[in-house]
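Reviewing the structure listed below.
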Amino acid sequence: MYDSAIDAKWDKIWRDSKAFLFDEKSDKPSYIIDTPPPFTNGALHMGQAFWVCYIDSIARYKRMQGFNVLYPQGWDAHGFPTELAVEQKYGKGLGRDDFYKKCVEESMGNIANMKDEMLRLGASFDSRYEYLTISDDYVSKVQLSVLQMYENKMVYRAVHPVEWCVSCVTTISREQAEERQEDTNLNYLDFKLSGSDKKMSIATTRPELLHACVGVAVNPNDKRFSGLIGKTVTVPIYGNEVMIFGDEAVDMTFGTGAEMVCTFGDKADVSMYYKHKLALVDAIEENGNLKGAGKFTGMKLKEARKKVIEALKEAGALTKQEKIKHTVKIHDRCATPIEFLSSMQWFIKIKDSAQKIKELGGEIQWVPDFALQRLEDWSNFIEWDWAISRNRIFGTPIPFWHCERCGEIVPADKGKLPVDTLKQKPPLNDCPKCHGSLAGETNTLDGWVDSSITPLVICGWPENRKSTVPPASVRIQGTDIIRTWAFYTIFRTWALTKGKPWESIIAHSMILGSDGREMHKSLGNGVYPAELLKKYTADSIRLWVALSGAIGKDKIFSYKDMDFAKNFINKLYNSALFVQKGLSEAGVPKTEPSKDLGIFDIWILNEFNKLVGRVTKSYDSYNLYEAANAIINFYWHDFCDYYIENVKYRIYSKDKSMERSKHAAAFTLNYVLLNSLKLIAPIAPHATEEINSMFSKESLMGQKFPVHKEAPHNMDYVINGVVFQSDIVDIDFADVGALLNNVIGEVRKAKAKEHMALNSEIKGIEVTVPRQYLKALEQSKSELIEICKMKEVKVKEGSDYAVAINI
RNA sequence: GGGCUCGUAGUCGAGUGGUAAGACGUUCGCCUCACACGCGAAAGAUCUGGAGUUCAAUUCUCCACGGGCCCACCA
């Protein structure tokens, strides 16, 4: 029976025969695949297994269609989780170099495991083109890409608010932020209007940041305040004056309708800081101590809040306190509320490119098409430039030095990459402007800077190979990272080459847990590929992926679906055993026994030909669901349940006069089986190869995909793309095949109703059919008698089709 | 608050301007010489609700209700 040892056997044979290798010198058209480089955290998750199977099926299909397929696989190693794992293993004492080395070690171990899982799923990537984001080659290309963008004036250094964890003393990125509901006090403070005795009440949850108040915002449509815009107020306790300005983002119904803006209390403050060009006050230190806050300086935030409130009370500025619930963003690791700190960061200019990104997005084929909307939505919402520096060690070094005195930037030499500006000397001795000393960068690049050039790297950028000129043919990725990976890739590819990264992009959605929720460790609803590989063969998993429904729609994981996939593979195998046995008795005719083909033979050959057309179209539009579904329905029901059952009596016949009919059936069985294998081979390569090897020494790898040809007339049939004519019936074969099968169905039904075994004998039937079917039925009498195990078949003409059964 | 997406038999899930694949499950029968991981049969859907366009809507439009995802906001 079928097991995973067979998978491994074929995987090895294919690799040894170089079946997956891309040929740089080939004349065949290239087909270039850009897959996600998984983050190297140790084991594949279901989403990754999903796209591995999906894109691998497409790669195999394209090879069968005659393409020279470049299917590389990359690994995204740089990143925080690896740093964390290393920290947990070795503590915090490691020096920068040792720490980096341990991170590399950690990553390499994880990659080995993930790669093994991919290979066991049958992934047919070409290992010679594997890439690793921490390799010298890849790092060089990332640095080169940044240097090139710098030359195009797209990279700069500036002070910018960053999301910061005061407990871990590090920047954190948005995806590391979680939300939490909290109870807090909304404090109503009185600010004195300048040049008047009047007071203005302002509500805030962050009184401890009062010293960083740089303005008061009101909604310009708010009649209560519209007259005050442009005037100034005095900040309580500290006594400095700030401007009142209008901003439509202010909610008139919240608090008093007036909001104090601190640099920085929250993200809205950051927006207003930029929009209204407000002053910048550094409110807190990196460790969360207050900075520049008079007598409160040096206090922790929490403590400061209490003390400031007390001081406000004493000053009579606190008029009211109200309990409210609000959401705060917290760091996912330590649950500390996230603060905004301003610090010197590197940026890539992206704001001005939103329109261009949308345009390019429109030139790419999106599967499903609605995925494009996500790119457009995101592009419409770019608030500020892309901050590319991270306070991390395990990342790509930023290839610039800067002058410690005047901030002048000195880029690395493009010919001397990769570079680590902390270790290597700058190309100049000192600042070209002020002769200050030059400093290297302790920060490293954001991981998206690494991964947003994958299609260029796999095409060989900056020197493209002749056979791999961008754009790549296709990318597959999750819909969840359209706003990051797809977005940055389109942007960077345009910035570096003025072109689009790919012709097409397939955006798949999520595999949900059986409870309908996202798979999550804490929910305990996760299923892992490694676990599935123990229970199922690779092809069952791959077929399950193909059968997971419309791409782009979330799929709830279910073992029942897995079992169905498994059962089909089993069916395929068992039907092949039958065909093999039949052929050993009848022998396989070398040429089409066209004169001997019966109605059922021609019927199934035509159904198969139609199937080839449908399946080709489905594969070409990246719709594996449709392809797999069509093949399974045809194979299981038309071929196995009807055709095979209908020809059994011919195959088993010992009668000399049946010889030619037996050969025709053997030919048809052989043809439909072997070609069906080719149709499903991209999705279930191991099982089909194993079955194929029962009949042929020639591997399915490298064989041509079956060709569809439209038959010019109803009474023609098509074998292997060649049209034949027949005169055995005078109507459409599909029509007459369906009719005959229906007659057989009626007999089965009658037997079932009488609780009879299907192979039990009955007396006979009388079939009434309209005139156009008469000839076909008369022709098929003896076949029906054999198939249904009955004594006689009477046929008569009538306006309505009917079957009378005599048991 | 905004955008996208979905709402089809007990469950999962395709699809179409002319009343709806398939799977699982259920019921009944069959160990029919490839397969009981199977074969045959049966029951089960007013295609979330309402309005509109149309000769005709599950399929198009609008509204409502209900899931999901993403984004924004939460002073």
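Source: prediction; values computed, not measured. All chains are named by letter (A, B, ...) in the order of the sequence lines, taking the proteins before the strands, and each is independently numbered beginning at 1.
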Between [M] and [N], how far apart are the [atom1] atoms? Round to whole Å, please.
{"N": "rA34(B)", "M": "rU19(B)", "atom1": "C1'", "value": "39 Å"}
{"N": "rC47(B)", "M": "rU58(B)", "atom1": "C1'", "value": "4 Å"}
{"N": "rG13(B)", "M": "rG52(B)", "atom1": "C1'", "value": "30 Å"}
{"N": "rU54(B)", "M": "rU59(B)", "atom1": "P", "value": "16 Å"}
{"N": "rC60(B)", "M": "rC69(B)", "atom1": "C1'", "value": "25 Å"}
{"N": "rA72(B)", "M": "rG3(B)", "atom1": "C1'", "value": "10 Å"}

| field | Tyr643(A) and its side-chain hydrogen bond (donor to acceptor under 3.5 Å, both in side chains) partner, picked from Asn741(A), Asp601(A), Asp638(A) | value |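 Result for side-chain hydrogen bond (donor to acceptor under 3.5 Å, both in side chains) with Tyr643(A): Asp601(A).
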Which listed nucleotide ([options]) is nearest to the side chain of [X]?
{"X": "Asp266(A)", "options": "rG3(B), rC74(B), rG38(B)", "result": "rC74(B)"}
{"X": "Lys648(A)", "options": "rC4(B), rA34(B), rC37(B)", "result": "rA34(B)"}
{"X": "Asn574(A)", "options": "rC70(B), rG13(B), rA34(B)", "result": "rA34(B)"}
{"X": "Lys749(A)", "options": "rA42(B), rC69(B), rC35(B)", "result": "rA42(B)"}

| Trp544(A) and its ring-ring contact (aromatic ring centres under 6.0 Å, His included) partner, picked from Tyr559(A), Tyr536(A), Phe557(A) | Phe557(A)
| Six-ring centre of Phe667(A), Lys662(A) cation under 6.0 angstrom, axis tolerance 45° |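 Relative to the ring axis of Phe667(A), which defines the angle, Lys662(A) lies outside at least one limit.
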| query | Does the base of rC6(B) carry an N or O that pairs as donor and acceptor with the side chain of Lys553(A) under 3.5 Å? | reply |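 Not at all, since no donor on one side and acceptor on the other fall under 3.5 Å apart.
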Give a yes or no on whether a salt bridge exists between [X] and [Y], defined as a side-chain N under 4.0 angstrom from a carboxylate O.
{"X": "Lys751(A)", "Y": "Glu754(A)", "value": "no"}
{"X": "Glu746(A)", "Y": "Arg748(A)", "value": "no"}
{"X": "Glu786(A)", "Y": "Lys789(A)", "value": "no"}

| Tell me: CE of Met562(A) to C1' of rG13(B), nearest whole Å? | 17 Å
| field | Gap between atoms CD1 and C1', on Ile744(A) and rU32(B) respectively (whole Å) | value | 15 Å
| query | At under 4.0 Å between heavy atoms, what does Asp251(A) touch on the DNA or RNA strands: base, sugar-phosphate, or nothing? | reply |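 Base: the residue Asp251(A), judged by heavy atoms under 4.0 Å, touches a nucleobase.
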| query | What nucleic acid atoms does Ile644(A) come within less than 4.0 Å of, heavy atoms only: base, sugar-phosphate, or nothing? | reply |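 Counting heavy atoms under 4.0 Å across all strands, the contact made by Ile644(A) includes a base.
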| Can you list the residues that meet the ring-ring contact (aromatic ring centres under 6.0 Å, His included) rule with Phe50(A), with sequence neighbours excluded? | Tyr54(A), His508(A)
| request: With sequence neighbours excluded, tell me which residues meet side-chain hydrogen bond (donor to acceptor under 3.5 Å, both in side chains) with Lys753(A). | output: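 side-chain hydrogen bond (donor to acceptor under 3.5 Å, both in side chains) check on Lys753(A) returns nothing, list empty.
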| remark: With sequence neighbours left out, the residues meeting side-chain hydrogen bond (donor to acceptor under 3.5 Å, both in side chains) with Ser575(A) are Tyr635(A)
| query | What do the steps show when you test Leu375(A) against Lys358(A) for side-chain contact (heavy atoms from CB on, under 4.5 Å), and what is the final call? | reply | CA-CA 7 Å; Leu375(A) 181 84; Lys358(A) 281 194 280 182; 5.7 Å; no
| said: rA72(B), OP1 or OP2 - any side-chain N/O from Lys267(A) closer than 4.0 Å? | reply: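 For rA72(B), OP1 or OP2 has a side-chain N or O of Lys267(A) closer than 4.0 Å.
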| query | Taking OP1 and OP2 of rC71(B), is either one under 4.0 Å from a side-chain nitrogen or oxygen of Arg483(A)? | reply |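 Yes.
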| Protein proximity profile, nucleotides 15-31 of chain B - base contact B, sugar-phosphate-only contact S, no contact -, cut-off 4.0 Å on heavy atoms | ------BSSS---SSS-
| query | Just the dot-bracket of RNA chain B, please: which string comes out with Watson-Crick or G-U pairs under 3.5 Å, [ ] for crossing, | for another strand? | reply | (((((((..(((.........))).(((((.......))))).....(((((.......))))))))))))....
| Do other residues, nucleotides or ligands put more than 12 heavy atoms under 6.0 Å from the NZ atom of Lys192(A)? |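 Result for NZ/Lys192(A): enclosed.
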| request: Within residues 578-585 of chain A, find the residues that approach RNA chain B with a heavy atom at under 4.0 Å, and present them sorted by residue number. | output: Phe578(A), Lys581(A)
| request: Under the ring pair (Phe, Tyr, Trp, His ring centres under 6.0 Å) rule, what do Phe487(A) and Trp448(A) come out as? Steps first, then yes or no, please. | output: CA-CA 10 Å; Phe487(A) 176 79; Trp448(A) 296 115; over 10 Å; no
